[in-house]
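Read the structure below first, then the notes.
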Amino acid sequence: MNQNKSVKIRFKGFTEAWEQRKLEELASKFTGGGTPNTSNPNYWNGEIPWIQSSDLEEDDVLSLTVKKHISQEGLKNSAAKIIPKNSLVIVTRVGVGKLVVNTQEIATSQDFLSLSGIKGNSRFLAYSLYSLLKKITQRVQGTSIKGITKTDFLKEAIFVPSLEEQEKISSCMVEVDKLITLHQRKLNRFQKIRTTFLQKMFPKNGETKPAIRLTGFNADWEQEKLQNFAVRITRKNIKKQNNRPLTTEILRF
């Protein structure tokens with residue numbers, strides 16, 4: 001396709017317009033997946049990593065958790081195929097919108113379409129397709145469409161720069177994702193601490209003292225009704241139905 005696009009924010013030294021390319025032009029092989037018969041134990045617990053959509057993280061094109069493996073026999077007796085590493089592994093059915101760059105050879109369920117032999121930087125294209133899939137998801141939201149067909153998907157188009165600029169952008173995005181992951185882990189730790197405080201710093205049912213106290217406090221807690229701490233309790237609903245918010249004006253101490 002000959003359409004070009006100018007980008008407002010660029011790395012220094014890059015001025016050429018981006019070219020619009022169909023997805024079918026950006027890879028040399030397009031592969032679906034399959035699931036071996038789950039009732040045949042000979043097909044499972046082999047050496048071939050096999051993934052399903054739940055193994056991918058939302059909003060993360062670099063994280064993949066392999067939970068299951070299949071055998072060579074399972075591979076031969078199903079529609080599953082070996083996907084080379086550094087392919088774009090995309091969920092196009094259940095869980096549409098997820099994708100990942102695989103760092104090892106894998107097989108996938110039928111919910112995936114994998115693009116191999118990438119003509120460009122795999123990570124850059126993964127970030128571009130992430131944005132594209134978000135638009136597709138919004139487009140089909142509220143309709144009876146539960147996914148996107150291989151034919152329709154490969155006809156979609158994205159804008160791509162030179163390979164050198166692709167590498168610059170992907171490296172930048174990877175570093176941003178690392179920072180996000182780092183801070184997300186910190187957030188998770190603080191959320192666990194908060195949960196612990198809520199459990200330990202308030203008395204359990206039937207008890208008058210919390211498990212953790214601040215220094216200098218050792219008296220029993222007293223049970224009081226909420227009405228003793230408010231000057232007004234109202235429900236903004238003249239019919240007095242219980243599905244509306246309860247508003248409490250708390251006394252100031």
Side-chain angles (χ1 to χ4, degrees), residues 1-11 13-33 49 51 53 55-66 81-93 95-109 111-140 147-181:
M1 302 180 71
N2 295 322
Q3 296 186 48
N4 294 335
K5 180 181 181 180
S6 297
V7 183
K8 293 182 179 180
I9 300 177
R10 307 288 293 272
F11 283 99
F14 296 100
T15 58
E16 295 180 358
W18 292 25
E19 295 183 356
Q20 190 177 39
R21 306 282 296 279
K22 288 184 178 180
L23 300 188
E24 61 187 6
E25 302 175 55
L26 299 175
S28 59
K29 189 175 182 180
F30 311 95
T31 310
I51 65 169
S53 62
D55 295 337
L56 277 66
E57 298 287 341
E58 292 279 0
D59 305 320
D60 191 338
V61 302
L62 301 177
S63 294
L64 174 63
T65 303
V66 178
K81 301 287 187 298
I82 295 294
I83 308 302
K85 66 179 182 179
N86 292 323
S87 298
L88 298 178
V89 184
I90 305 158
V91 180
T92 55
R93 294 175 61 179
V96 61
K98 295 180 181 180
L99 77 156
V100 72
V101 180
N102 62 317
T103 57
Q104 61 178 326
E105 288 188 344
I106 58 173
T108 75
S109 74
D111 294 331
F112 290 85
L113 173 65
S114 298
L115 280 59
S116 306
I118 300 300
K119 300 174 182 178
N121 182 282
S122 295
R123 294 182 302 184
F124 168 83
L125 294 177
Y127 286 112
S128 295
L129 291 185
Y130 168 79
S131 298
L132 173 64
L133 287 167
K134 286 295 183 184
K135 295 176 182 177
I136 292 174
T137 302
Q138 292 174 357
R139 201 162 65 211
V140 302
I148 182 171
T149 67
K150 174 182 176 180
T151 300
D152 289 341
F153 185 67
L154 295 180
K155 293 298 181 184
E156 296 281 350
I158 60 173
F159 285 92
V160 295
S162 67
L163 179 59
E164 185 180 0
E165 190 170 4
Q166 290 180 40
E167 292 170 347
K168 279 274 191 181
I169 293 172
S170 67
S171 295
C172 175
M173 293 303 300
V174 167
E175 291 304 313
V176 171
D177 275 349
K178 286 180 180 178
L179 285 174
I180 291 173
T181 299

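No side-chain heavy atom of F30 sits under 4.5 Å from any side-chain heavy atom of L23. Within the 4.5 Å cutoff, no side-chain heavy atoms of V101 are placed close to those of V89.
No donor-acceptor pair closer than 3.5 Å links the side chain of D111 to the backbone N or O of R93. R10 places a side-chain N or O within 3.5 Å of a backbone atom of E16 that can act as its donor or acceptor partner. Of the possible polar contacts, none joining the E57 side chain to the S63 backbone as a donor-acceptor pair under 3.5 Å is found. Formation of a donor-acceptor pair under 3.5 Å by the E24 side chain with backbone atoms of K155 is not found in this model. K98 contributes a side-chain N or O that, together with a main-chain N or O of S53, makes up a donor-acceptor pair within less than 3.5 Å.
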Discussion item. Would D59 and K134 count as a salt bridge (charged side-chain N to carboxylate O under 4.0 Å, His left out) here? Give the steps.
Written reply: CA-CA 10 Å; D59 305 320; K134 286 295 183 184; 3.1 Å; yes
Worksheet item: Given the rule in the side chain to side chain contact (heavy atoms under 4.5 Å, CB included) test, do S131 and Y127 qualify, once you have shown the distances and angles that lead to the verdict?
Response: CA-CA 7 Å; S131 298; Y127 286 112; over 6 Å; no
Item to complete: Would you sort out whether L62 and R123 count as a side chain to side chain contact (heavy atoms under 4.5 Å, CB included), showing the intermediate values?
Response: CA-CA 8 Å; L62 301 177; R123 294 182 302 184; 4.2 Å; yes
Practice prompt. Show your working on salt bridge (charged side-chain N to carboxylate O under 4.0 Å, His left out) between K168 and E165 and close with a plain yes or no.
Written response: CA-CA 5 Å; K168 279 274 191 181; E165 190 170 4; over 6 Å; no
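Annotation: side-chain hydrogen bond (donor to acceptor under 3.5 Å, both in side chains) contacts of S109 (sequence neighbours excluded): none. Under the ring-ring contact (aromatic ring centres under 6.0 Å, His included) criterion, F112 pairs with no residue at all, not counting sequence neighbours. Partners of T181 by side-chain hydrogen bond (donor to acceptor under 3.5 Å, both in side chains), not counting sequence neighbours: none found.
With respect to I106, the side-chain contact (heavy atoms from CB on, under 4.5 Å) criterion is satisfied by exactly one of D55, I51, I82: I51.
One distance of note links CD1 of I148 with CD1 of I90; it measures 9.5 Å at 0.5 Å rounding.
Nearest heavy atoms, N121 versus L163: N-CD1, 3.7 Å. Across all non-hydrogen atoms, the minimal contact from I169 to P161 is CD1-CG, 4.5 Å.
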